[in-house]
Each structure stands twice: as C-alpha cells, then as structure tokens.
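Comments concern the structure below.
Here is how names work: the chains are called A, B, and so on, in the same order as the sequence lines, proteins then strands, and each is numbered from 1. Given the structure is predicted, the values throughout are model-derived calculations rather than measurements.
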Amino acid sequence: MSTNHSSAIGSAVHAKKAEIFCRDEARVDWHSKALWMLREKRDRAAASLPEWEQLRQLGSELKLHTLTNLGHYLEEFEKNCLDNGILVHWAKDGVEHNQIVHKILAAKQVKKLVKSKSMLTEECHLNPYLESQGIEVIDTDLGERIIQLAGMPPSHIVVPAIHMKKEEVGDLFHEQLGTEKGASDPLYLTRAARAHLREQFLSADAAMTGVNMAIANKGAVVVCTNEGNADMGANLPKLQLHSMGIDKIVPDLDSAAVLLRTLARNATGQPITTYSSFYRGPQTDGEMHIIIVDNGRTEMLQDKILAESLKCIRCGGCLNTCPVYRRSGGYSYNYTIPGPIGIAVGAQNDDTNSIPWACTLCGSCSYVCPTKVPLDKIIHHHRRLKAQAGKLPYGKRSYMPLVGNFMASETMLNCSMSVARTALRVLPGSILKPFSGAWGKYRELPVAPSSSFETWFNKNRGK
Amino acid sequence: MSSKQSILNALKKVAVEPQALPTFDVAPRIDDVIAQFETNLNTVAGTLHKTGGVEALQAHIDELTAQGKQVISTTDGIKGNRAVPGTAHQLRDIDYAVIPGDLAVAENGAIWVNNKNLGHRVTPFICENLFLVIKADTVVANLHEAINQIGLEQGEFGVFIAGPSKTADIEQALVVGAHGACSLNVYLI
Ligand code: SF4
C-alpha cells in the first residue's frame, strides 16, 4: 500500500478534484458545516479567556522578535541540543532534508518508520522519497493514516481527512484493514485503527515527528498531539527524528507557554492538546536527531509582508473560518497546505498563478489568527506580486483588458482592504467570478462583508 | 559552504523591523484553582478523585489486580503487580499505570509528568488506562506559572497530559482512546 503523493498533488488532479468536490452541493454543505463547528468551538474557547487578545498580541510579538533574531536563536538552540546529546542537522531545502533523513535511517538499517503528523515532511514529499529507497513509512495520526491508505494528500493541516465521510473510511478500512463490511461507526473504526497501529509502533525501527515549538535556551522540542501517536512512536524504537522549519524556534519556556495556550484553543476549541511533550534528549541508549529546514523560509524573510507568514503556528484556525476553503475543500489550492495560510506560504510556487485569488479578502482569517498573521494583507500582496510579474492566472487572461488593469492598478493594489471589499461588492459577478476559480464556478460568489470582522468587532463589540 | 552557514548567512539581513521580546505579564485567575482544574479536566475527558487519598487508590488497585489486571506503579506508596520491565516493548500488555504528576494546571486540566517518574518513557502512553497522582498543593492557575516550575533537566523528557488520548478524525466525532491511554483518572492526595 504505497502512496504516491507526488502524482496526487499535480495541479491538474487538484483542479479536477476541486471541481468534483464543488459539483456535489450536499457534500460542500456538509464540509462547510463540519469546519464551521470547529470555528464555533474555537470562539467559545477564546471567549472563555479574558486575556485572549493579550495572548494574541504576545504571540505576535514574540514570534516577530524571534524572526528578527533567528540566526542567533538557531545557533543557541543547536548548541543546547548538542549539550543534551541531541544530534542536529541543517537542510537548505526539501531534497537535502530527505537525503539527511534517509542517511540517518540507512545507518541503522531501518525498514519501518512510524511518523506522526508533520506538514513539513509533506512539504518536502518525504514519504514517496523514503518509499523509493525501500523504507516503509507508516503515518500514525488517524486522519493521516486514512488518507495514506486512500493514497491522497491531506486536505486540512489539523484534520487531514475532514473531506471524507465515515462510510468512505469504513469501505477503505474494510479493504485495507479487514474491518466488517459496511461498518462506519467512528468508535469501531478508531478502535480498529488503534489495534492496527499499535502493532506498527511495536514493530517500528525508528520514529519521526514534526515540531510545534523548539525552545532555544533549553535545546528541547515540543510536540503536541491528541492521539498520543507521536509519543508512542518516539518512545518505543531507540531512534527518534524530529523535523522542523527554522520558523519553529521560540526563545524560552515562557514563550512556548503563550503559544501552547492558544494553539489548541484556536485549532479545535480544546484548552490544550492531550499531550504536549517536551523532548530534551534521547531515551537511555537511544539516538535523537533534529533536522532544521529552510526550504524557502529565509527568502520569505526578505519580504517585509511575506515574512509575517512565518509567525504561523499551524493551528488551522484560518482554514476553518475561511468561506472559500470551507466551500472548496483542501485539494483546490495546488499546494500541500490549503486555506489562507496555504496561499500565504505557497503562492510563490503556484505555477497556475491562481491561488491568491481563492480569497474574498473578508479578513476573517486574520481576525482569528493566534499570532496575528496578517493573512489578507499577505494574500493581497501575492496578487500584486503576480500582477507585477505578468502572471495573472491561466484562464483569466481574456479578462485582462478590464480585470488585469483593475487588479494591477496601483490604486487598487495599494488601497486598503476595505476598498478591495467594496470592489467585490460593487463589481458585477461576471467580472470577478473568473478570479474565484473552481470554488466559484458552481455558485454565486460569497457576499463580501461590509467591513472586516476586526473593524466590525471593534465597532460593535470592542473595547 | 555548509547548509548551516548558508542559512545563517541568509538570516543576517531580514526585512522584519527589530522587535523586543515582550514581557509576559498575564494575570492569573486565582479563584478556587482546584475547582477550575476539575472543570477543565472533565472537559478533556478526565475524572478527578478528591477524597480517600492513597488508601482508597491502593484499595482500588488491589481490586484490579485481584481481577487479574496488569498494574504497574511508579508512585511511592502504591503497589501494583508488575515491575518496570527490561524493555519498553514489554509494557504492551499493561492495563493500568499509576504515575505521579509533578504539578497540575487549573486552566486546562493538564498534569506535568517527568521521565524520572516513568520507568520507561512510553509508560503513560502505552498503558490501556492511566492513573495520575497529584498533591493538592501543586495545582497552579495557568500555563505561565506551570512552565516555570516544571522540571526538565538536560537529557530529560516531560509531558503535559490533559485527559485520555482522543481523536475526532472521522467526521468530527469525538472518540476517546486513540493511540495512548483510553481513560484518565486523577487522584488528589
Ligand atoms: S496563519 Fe494563524 S490561523 Fe492560520 S494556521 Fe497559522 S497560526 Fe493558525
């Protein structure tokens, strides 16, 4: 049951998938509601803390501080890791990352690797690489395992199989894990996966996880899961690997506490994930490796606006609230990470030059973000970069005389978000629709809110 | 040039305005931290036992072992029927693990556990059911307070545990018992 993510993420496949997704109105509604439920839970969790806005401000400031001193903190982190007996590797891109991982695994003759969720390894396409080298890779987060068995990439960064119905998971498990035919009860299916994956944990030669935070002054990494899969992996085989983007660094434990307080609340409305694990060294007689990856991040730091997307802690909150994501699904973004943050960090490499337009600039994402990533501003900036580079989206060229000038005009691109929103309201749908991509094809464009959530909030509820 | 050097070089100049590290001065909610802890522990699907102390817990464990359950304890004064095995993998049939927590956090129901008290690191995850034992005076208001009190020496592992393992990956339906323990009972002593 090998998976081939690289073929499934080809842009043609994605466009087709998004289209199929959007044709099924009932599924679109169901998907949208499931995500809105997460948004509502998040709202309740946020409202339960009087200090919520203070935490968002602190989160933003500590992340910006770290990003401006990243070299210093990375070196401090490495030094402390070495003192703790942790081996540290540096990779400039995904290819080098994958080679490093393979070298570590090959040195120990690893045949089976259990992996917990890591968007970075998705970004690097690690699984197909290791599989091509003869190493079996088992994704162990339930949602990740489901899509791995189905041969699909994740459609959400926190709940990767959110697009699948329980009946579909039931059919898949029947085929691949031998569960009863027609069984679709989530409890039954989860127990079956638990039993199946337990055997994998117990027979794995090595474990790999992503990193939620890397604490510079301790030389420790923090890994958060609800399922316990990261810890079942990292604490059974004697070889543990953790991959992290350079943006995962925080200066100290106090900083980590701020982010830990908002991460789960903003993701699913839980006060904290079930497990927040701090690894500050290997097991007795074990080996612990950390791979620090750039893969385009240092380049983003050279652009004042794009740099702020590196404040992201991957909570998924902006996906859950996004009217376009909710109604188009995770496969319509032509990038491993979908939704507003996917546009922010993926648009540079989007060869269809279309994803910056999968956005209504409603600002809801920026309003929910726990580290105040200015997502709508970044997305708007991407439109300008694309327009400046003469790369308006394929299929949108015929609208160039009108829309091209409109989108690229200085006034339009320099104007405030609220003007852009006005444009969305006043321009006829036929002009703007081409910019909405697959998600707008089968329905009317969402009505742009008359003011951003933040303005609205300050006006109506603020202070 | 090594990749490390080229990354560090690229970071010498960034476009972000310099920004000081903020001071973390978040006011704690200090009213009845134990009640807050209990409410949040319930939210994360754990159960708190406030009365009976060590004796009641030991009596409960004796019942379990009499039924043939496999119980391992790393808590002072509590005895199970299994010793810490030679390898972590030998814990695969443990039904109950009884582990001491260093401190508990009122705002989220989490308990800090350090590997000094674990035998093998995997113990609180691999056991079918988890009992955590905490002292009432170790409950702190929030994570800011907790994080400054956790013990995490060089080479160590520690974890905040909030409830039993869980998932909602199939149609958002909450299922308690994913890969880690399927239940969590917390004993206040
Ligand atoms: S951009 Fe903000 S809201 Fe979106 S995933 Fe990142 S941290 Fe969460």
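With a threshold of 4.5 angstrom between heavy atoms, A/Glu61 approaches chain B through its backbone and through its side chain. At a 4.5 Å heavy-atom cutoff, the contact between A/Leu260 and chain B is made by backbone and side-chain atoms alike. With a 4.5 Å cut-off on non-hydrogen atoms, B/Ser2 does not touch chain A at all. Residue contact with chain B, scored on non-hydrogen atoms closer than 4.5 Å, involves the side chain of A/Glu199 exclusively. Contacts of B/Pro22 with chain A are made by both backbone and side-chain atoms, with heavy-atom separations under 4.5 Å. Heavy-atom distances place both the backbone and the side chain of B/Ala10 under 4.5 Å from chain A. With a threshold of 4.5 angstrom between heavy atoms, B/Val175 approaches chain A through side-chain atoms but not through N, CA, C or O. In this structure, the portion of A/Pro282 lying under 4.5 Å from any heavy atom of chain B is its backbone and not its side chain. If you measure heavy-atom distances from B/Leu8 to chain A, the contacts under 4.5 Å come from the side chain alone. Looking at B/Lys12, neither its backbone nor its side chain comes within 4.5 Å of chain A, counting heavy atoms on both sides. Using a 4.5 Å cut-off between heavy atoms, A/Ile86 makes no contact with chain B at all. Interface remark: A/Val159 contributes backbone and side-chain atoms alike to the contact with chain B (heavy atom separation under 4.5 Å). Interface remark: A/Gln283 contributes backbone and side-chain atoms alike to the contact with chain B (heavy atom separation under 4.5 Å). Residue contact with chain A, scored on non-hydrogen atoms closer than 4.5 Å, involves the backbone and the side chain of B/Gln154 alike. Contact of A/Met37 with chain B is made through the side chain alone, with heavy-atom distances under 4.5 Å. With a 4.5 angstrom heavy-atom cutoff, A/Arg194 touches chain B via backbone and side-chain atoms both. With a 4.5 Å cut-off on non-hydrogen atoms, A/Ser48 does not touch chain B at all. In this structure, no portion of A/Gln57 lies under 4.5 Å from any heavy atom of chain B. For A/Arg265, the part lying near chain B is the side chain, with the backbone staying farther off; criterion is any non-hydrogen pair under 4.5 Å. Contacts between A/Leu74 and chain B at a heavy-atom distance below 4.5 Å involve the side chain alone, from C-beta outward. Interface remark: A/Ile162 contributes side-chain atoms only to the contact with chain B (heavy atom separation under 4.5 Å). Residue B/Asn9: no heavy atom, backbone or side chain, is found under 4.5 Å from chain A.
Ion pairing of B/Glu107 with B/Arg29 is absent here, as no side-chain N (NZ or NE/NH1/NH2) approaches a carboxylate O to less than 4.0 Å. Under 4.0 Å is where a charged nitrogen must lie from a carboxylate oxygen, and between B/Lys4 and A/Glu78 at least one such pair does.
Here A/Met232 is the residue among A/Met164, A/Glu96, A/Met232 with the most heavy-atom pairs under 4.5 Å with chain B. Most heavy-atom pairs under 4.5 Å with chain A: of the set B/Gly109, B/Ala88, B/Ala173, B/Gly158, this distinction falls to B/Gly158. The choice from B/Val122, B/Asn142, B/Val16, B/Asn148 that makes the most heavy-atom pairs within less than 4.5 Å of chain A is B/Val122. Top candidate by heavy-atom pairs under 4.5 Å with chain B, chosen from A/Gly71, A/Gly143, A/Gly228, A/Ser276, is A/Ser276. Most heavy-atom pairs under 4.5 Å with chain B: of the set A/Ala256, A/Ser184, A/Ser255, this distinction falls to A/Ser255. Ranked by non-hydrogen atom pairs under 4.5 Å with chain B, the options A/Thr298, A/Leu202, A/Leu64, A/Asp83 are led by A/Leu202.
Contact between B/Val176 and A/Arg191 at its shortest, heavy atoms only, is O-NH2, 3.1 Å. Scanning all heavy atoms of the two residues, the minimum distance from A/Ile215 to A/Pro251 falls at CG2-O, 4.3 Å. Of all the heavy atoms in A/Ala193 and A/Leu142, the pair that sits closest is CB-CD1, 3.5 Å.
Legend: ring pair (Phe, Tyr, Trp, His ring centres under 6.0 Å) pairs involving residues 84-106 of chain B, not counting sequence neighbours, sorted by first then second residue: B/Tyr96-B/Phe131.
Residues of residues 59-80 of chain B never come within less than 4.5 angstrom of chain A, heavy atom to heavy atom. Along residues 301-310 of chain A, the residues that come nearer than 4.5 angstrom to chain B, judged on non-hydrogen atoms, are A/Leu301, A/Gln302, A/Asp303, A/Lys304, A/Ala307 in order of number.
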A/Glu227 and B/Thr167: CA distance, side-chain angles, deciding distance, side-chain hydrogen bond (donor to acceptor under 3.5 Å, both in side chains) verdict: CA-CA 6 Å; A/Glu227 299 185 3; B/Thr167 182; 2.8 Å; yes
A/Asn226/A/Thr273 under side-chain hydrogen bond (donor to acceptor under 3.5 Å, both in side chains): CA gap, chis, key distance, verdict: CA-CA 5 Å; A/Asn226 279 319; A/Thr273 48; 5.0 Å; no
Under 3.5 Å, which donor-acceptor pairs link side chains of residues 46-57 of chain B to any protein atom two or more places apart or in another chain?
| unit_1 | atom_1 | unit_2 | atom_2 | d |
| --- | --- | --- | --- | --- |
| B/His49 | NE2 | B/Asn185 | OD1 | 2.7 |
| B/Lys50 | NZ | B/Glu38 | OE1 | 2.8 |

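One N or O on the side chain of B/His120 and one on the backbone of B/Pro85 form a donor-acceptor pair closer than 3.5 Å. In this structure, the side chain of A/Asn84 engages the main chain of A/Lys218 through a donor-acceptor pair within 3.5 Å.
Taking the six-membered ring for Trp and the full ring otherwise, the centers of B/Phe24 and B/His144 sit at least 6.0 Å from each other.
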